[in-house]
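Every number for a ligand or one of its atoms is a count from 1 in the order of the listing. Just so it is clear, the values below take in all heavy atoms, side chains as well, and ignore hydrogens, waters and symmetry mates. In what follows, residues are counted from 1 in the order of the sequence shown.
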Amino acid sequence: MPQKFTYMANRGGFSGRIGFILAAAGSAVGLGNIWRFPYLAGTNGGAGFLLIYLICILLLCFPVMVGEIAIGRKAGTDAYGSYQKLGGGKWGYLGLFGILAGFFILSFYNVVAGWAFGYFLEISFGDLLTHQNLGQFFGEYVNNIGPLFLFSLAFMGLTAFIVSQGIAKGIEAANKIMMPGLYIILIGLIIYSLTLPNAMAGVEFYLVPDLNEITPRTIFYALTQAFFSLSLGMGALITYGSYVGKNQNIVSSAAVISIADTSVAFLSGLMVFPLVFSLGAEPGQGPKLIFVILTEAFQNMGPIMGRIVGGSFFLLICFAALTSTISLLEVPAAYLVDQKKLPRKPVVWGISALIFIFGLPSLFSQGIVPFLNKLPVHNSPDFLSFVSDMCDISLTVGACFMCFFIRNRWKIGNFNDELALGNPSFFGSSIQTYINFAISWVCPVLLSILSILVIVDKFFGLEHLF
Ligand code: TRP
C-alpha cells in the first residue's frame, strides 16, 4: 500500500487528526446540505422533517459513521478490501455494492455541481440578476445543454485532476479557508433574511413542528437524506478511515464530523425559509428551490452587492461540492489501485470519463429529452431524480448490512477493541453502551424495516398498500 500513504502524505502538513476531520467533513458538507436539504425540508413539512432528520442523525447515522471508520481503520484498505479482509467469504460484495453506488451518486451529483458552477458564472459575470422570472429562467437554464455539458465536464475534470494528484496541499488549505468562509456567508445571509418582512413565518415553518404533517414519506426522505448528507452507507468513510492513525479517537472525530455537517444543513434551512416566506414563494418547489429563491434575494440586494454576495455564495457551494466529489471518486479509485494494482492516474481519469458518460442521461433529463423527463416510475419524475432515489436506497441498505457485518461477522468485541485505540476511557463508558446497542439492535432493526418500506414506496407507492 505505499501508494496510499504517499497519497495521504500529499494531503498537506496538518496533524493526522485535523487532516482526516477536514477531509471527512469536506466529503459530508456539499450539495446535500445546501441544495438538497432545504428543498426536501420544503416539500416535506419543514419543521417535522428537521425533527426526524435530527433523530436519524443521533440514532442511526452517528453509530454507522463510527462503524465505517472503525472498519476502514482496522483493515487499512479500500471498501471492498476491508470487508473481504475482516469478513472473508462473500462480504467483499458489500464493498463492491457501495463502490457501485458511489459511481452512480457521482454521475448525477456532477450534473448538479455543473448547474451551481454555471450560476456562479452567470451571477458574477453574466446578466442573470436582471431576469424578471427566475423560476422560468432556471427551467430554461437546465435545458441549455451546451454550456452545462462543458461545466459538468470541467467539474469532473477538476475532481479527477485533484484525485489523480493524490490530493495536493492546496485542497486541504482551500478546505480550511472555504469551510469557515461557507459558515460566515451562511450566517451573514441568515441575518439578512431574518430582517426581511414576514421572515418569522419562515422561521415558524422551519422550527415549529406540526406533528400532523409528519407522514411516512417525511420519515423516508429525512432518513435517506441524513445518510446521503453524512456520506454514509457506501464505503466513503471506510476508505477515508483507512488513512486514520491508530492513535486517533474515532468516536470524537465522528462526533465533530456529524456536528459540522448537521450544522451546515440546519443553517441552510434557516437561511432559505425566511427568504421563501418573505418573498411570498412556495417552500415545496423542489430541486430548483435555492436556485430561484437565493437568486431573487441576491437580485434584491442591488446589482453590485448581488453580484458579489451571490457570486461568492455559489462559488462556495462549488467548493463544498468539490470536496464531496473528491471523496466519491476516491472510493472506486482506491478499490482499483489497492485491489487491481493499477496505477493511480490512468485509473482516476478512466473512471471519471465513465462516470461522466453515465451522468449524461441525468444532464438531459430536465426536459430536453422528453422520455428522460417522464419516466414510468412511481415518484421519480426524471432520470436524475430516479438515479438519486436508487442511490438513496442503496445507502440505507448498505448501512444496514454494515451493522450486520459488525454484529454477526466481525463481532462487537473486535469493534470495541478498535474504538478503544486512541480512546482509553472508551471501555465502560456510556458512549460505548450507546454505540454497541445502536449497532447491534437499533440500526439493524430500524434500517431493515425502513429500507424495505422505502423500496416499496419508491416502486409501488405506499398508499397502495394501506
Ligand atoms: N455528503 C455529500 C453531500 O451532502 C455527498 C457525498 C459525498 C456522498 N460522498 C458521499 C453521499 C458518499 C453518499 C456517500 O453533498
For [atom], what is the nearest protein heavy atom, given as residue, atom name and distance?
| atom | value |
| --- | --- |
| atom 12 (C) of ligand 1 | Met234 SD, 3.3 Å |
| atom 11 (C) of ligand 1 | Phe228 O, 3.2 Å |
| atom 6 (C) of ligand 1 | Ser231 OG, 3.6 Å |

Where on Ile105 is there a heavy atom closer than 4.0 Å to ligand 1, on the side chain, on the backbone, on both, or on neither?
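It is the side chain that touches ligand 1; the backbone stays farther off.
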Mark up the atoms of ligand 1 that fall under 4.0 Å of a heavy atom belonging to Ser327, in ascending order.
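Here the atoms of ligand 1 in question are 7 (C), 9 (N).
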Provide the number and element of each atom of ligand 1 under 4.0 Å from a heavy atom of Ser27.
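Counting atoms of ligand 1 from 1, those under 4.0 Å from Ser27 are 1 (N), 2 (C), 6 (C), 7 (C), 9 (N).
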Is it true that atom NZ of Lys458 has more than 12 heavy atoms of other residues, nucleotides or ligands lying nearer than 6.0 Å?
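For Lys458, atom NZ is crowded (more than 12 foreign heavy atoms under 6.0 Å).
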Does Asp78 come within less than 4.0 Å of Lys340, counting only side-chain N to carboxylate O?
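The answer is no: the pair does not qualify as a salt bridge.
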Does Lys288 come within less than 4.0 Å of Glu282, counting only side-chain N to carboxylate O?
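No salt bridge links Lys288 with Glu282.
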Do Arg36 and Ser388 have side-chain N/O donor and acceptor atoms under 3.5 Å apart?
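A pair is found: one side chain offers a donor N or O, the other an acceptor, under 3.5 Å apart.
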Under a plain distance cut-off of 3.5 Å, with no hydrogens placed, do Ser324 and Ser27 share a side-chain donor-acceptor pair?
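No.
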Are any of the N/O atoms in [X] less than 3.5 Å from those in ligand 1?
| X | answer |
| --- | --- |
| Leu230 | no |
| Ala28 | yes |
| Tyr109 | yes |
| Leu31 | yes |

Tyr119 vs Phe314 aromatic rings, parallel, tilted or perpendicular, using cut-offs 30° and 60°?
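Tilted.
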For the residue pair Tyr240 and Tyr243, does the interplanar ring angle fall in the parallel (under 30°), tilted (30 to 60°) or perpendicular (over 60°) class?
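Correct class here is tilted.
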Could you tell me if any non-hydrogen atom of Gly102 lies under 4.0 Å from any atom of ligand 1?
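It does not, in that no heavy atom of Gly102 comes within the 4.0 Å cut-off of ligand 1.
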Under 6.0 Å between ring centres: does that hold for Tyr221 and Phe49?
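Centroid separation for Tyr221 and Phe49: 6.0 Å or greater.
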